[in-house]
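First comes the structure, then the notes that go with it.
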Number of protein chains: 2
Amino acid sequence: MPKRVDHAERRTEIAEALVRVAGRRGLHAVGMRDVAAEAGVSLRLVQYYFQTKEKLLLFGLEHLAERFGERVSARVQAAGDSPGPRAMVEALLMAALPTDDESRTFHHLYTSYAVLSVNDRALAAQPFIKNPDAAEDALAELLRQAQESALLEPGVDARLEAAGLLAMSAGLGTGILVGQRTPESATAVLEHHLNRIFRTRDA
Amino acid sequence: MPKRVDHAERRTEIAEALVRVAGRRGLHAVGMRDVAAEAGVSLRLVQYYFQTKEKLLLFGLEHLAERFGERVSARVQAAGDSPGPRAMVEALLMAALPTDDESRTFHHLYTSYAVLSVNDRALAAQPFIKNPDAAEDALAELLRQAQESALLEPGVDARLEAAGLLAMSAGLGTGILVGQRTPESATAVLEHHLNRIFRTRDA
DNA sequence: AAGTTCATGGTACGGTCGTATCACAAAATA
DNA sequence: TATTTTGTGATACGACCGTACCATGAACTT
């Protein structure tokens, strides 16, 4: 049976099994045995490709963040041919809201990881600084471009605005996740704020 | 030894032990034995006052939310004699940011509970709808009053603005928690947004 | 062809966790 | 004073969980 196998691919499959089962039952309730069963392999195999649970979790987080980053930038680029910068800004912010199953799982797990990272240096190290800062840079750049095209209201600080919008989107996301808020109302809130940043009817 | 004892008080002491130890090591890592040790009682006693771990967690969340609600409204009222409504709005939003130890622990644990509530109906039921909605009502009311005094920029929707600000504050809070953002930068972001809501120089 | 490496299965071990059980003394009740 | 209730201790049980160990056959190397 043992023909040579692509380790990277295997690890990805297992990591995605982790994400699926954690999305269903919560990250805290996931054990190696669950991941193995979900991936359709034996417990031994999970141990073989990841030696320890911590390494599995770490890889799972990296994989999750990477996949979601791709998803977001795909949507932003898809909105590139629309009316203008505002469409891209909206695409970026809305893609991060937990509206469908994939983004919901992402939000759920990313928040789980964030909570764990408070007490776990290994988890804290990597993606919780790098990843959101990248998003913030991208959004700030979009806003700056809009500003140069005189599409924004005066007095807007692109960097501060980017940070605020991202934080708001994250906060609304958790609101949706815990059932406090509907996706529609979250969208309305974001929309209202964008209306106060972007010039509605121009000069 | 057994003189009659105030159950409510005992339960509160144990719940606060839970909050302390969970604040240090993370909610996921807390067991009944840890809570017992932190409270200085035997495991049996924790079982005696809360029959099950789920009930302990539930009570702990309620207690946490209640205590923090009191803290926030105390700060808001303390700001009541300052310049005007904006001071109260700022007090409300800033009190929710994890700047000191207490608010940091609150943010940490509240987010932990929020994540758990996604897969736990008992946890989801109570405070994740009621509590933030109350804050939103209070903030919306403050904004509406400011609006009637013509202190806000035109075109501001008090309700949407309240929801947005609260979400932003929550999002910034997590940013601080995971070390992505400093309290100062979070304050700056909030301040900038309030400057765009409140009229800076008046009529 | 022989030997080594790789992928995989099965299973056991030590620890911890939530919960249940047994025991007992101090207070309240009668 | 006799009895029931209440608060507390110690400890045991069964279930998991992460990890380690042993085995084994296919594939590659020489």
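Keep in mind it's a predicted model, so treat the numbers as computed, not measured. To find a chain, count down the sequence lines: A is the first, B the second, and so on, and within it residues start at 1.
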message: Quick check on dT8(D): is either OP1 or OP2 less than 4.0 Å from any side-chain nitrogen or oxygen of Tyr49(B)?
response: yes
task: Let me know the distance between CZ of Arg44(B) and C1' of dT21(C), rounded to the nearest Å.
output: 9 Å
- prompt: For the side chain of Asp34(B) and the backbone of Gly31(B), is there at least one donor-acceptor N/O pair under 3.5 Å apart?
  reply: yes
- prompt: Rounding to a whole Å, what distance do you find between Leu45(B):CG and dT19(C):P?
  reply: 16 Å
statement: Heavy atoms of Pro98(A) and His107(A) approach each other most closely as CD-CD2, 3.6 Å
- prompt: What is the distance from CG of Leu18(B) to P of dG18(C), rounded to the nearest Å?
  reply: 11 Å
- prompt: How many Å lie between NE2 on His28(B) and C1' on dC17(D), as a whole number?
  reply: 14 Å
message: Could you tell me how far apart Glu9(A) (CD) and dC6(C) (C1') are, to the nearest whole angstrom?
response: 17 Å
statement: Lys53(A) has its side chain closest, among dT19(D), dC17(C), dA7(C), to dT19(D)
- line: By nearest-heavy-atom nucleotide on DNA chain C, the more 5' of Tyr48(A) and Leu43(A) is Tyr48(A)
task: Ignoring backbone atoms, establish whether His7(A) has a side-chain N or O less than 4.0 Å from OP1 or OP2 of dC6(C).
output: no
query: Taking NZ, NE, NH1 and NH2 as the nitrogens, is one of them in Glu141(A) or Arg144(A) under 4.0 Å from a carboxylate oxygen of the other?
result: yes
query: Under 4.0 Å between a Lys/Arg side-chain N and an Asp/Glu carboxylate O for Arg33(B) and Glu38(B)?
result: no
message: Using OP1 and OP2 only, check whether a side-chain N or O of Arg10(A) sits under 4.0 Å from dT8(C).
response: yes
message: How many whole angstroms separate atom CE of Met32(A) from atom P of dG18(D)?
response: 6 Å
query: Taking the six-membered ring for Trp, are Tyr113(B) and Phe128(B) ring centroids under 6.0 Å apart?
result: no
Interatomic distance where CG belongs to Leu56(B) and P belongs to dC17(C) [whole Å]: 14 Å
task: Starting at atom CD of Gln47(B), determine the distance to atom P of dA23(C), rounded to an integer number of angstrom.
output: 17 Å
- request: Report yes if at least one side-chain N or O of Thr52(A) is closer than 4.0 Å to OP1 or OP2 of dG18(D); otherwise report no.
  value: no
query: Counting just side-chain N and O atoms, does Ser42(A) come under 4.0 Å of either OP1 or OP2 of dG10(C)?
result: no
- request: Mark yes or no for a side-chain to base donor-acceptor pair under 3.5 Å between Arg33(B) and dG18(C), with no hydrogen or angle criteria applied.
  value: yes
message: Applying a 4.0 Å non-hydrogen cut-off, can you work out what Phe50(B) is touching in the nucleic acid: base, sugar-phosphate, or nothing?
response: nothing
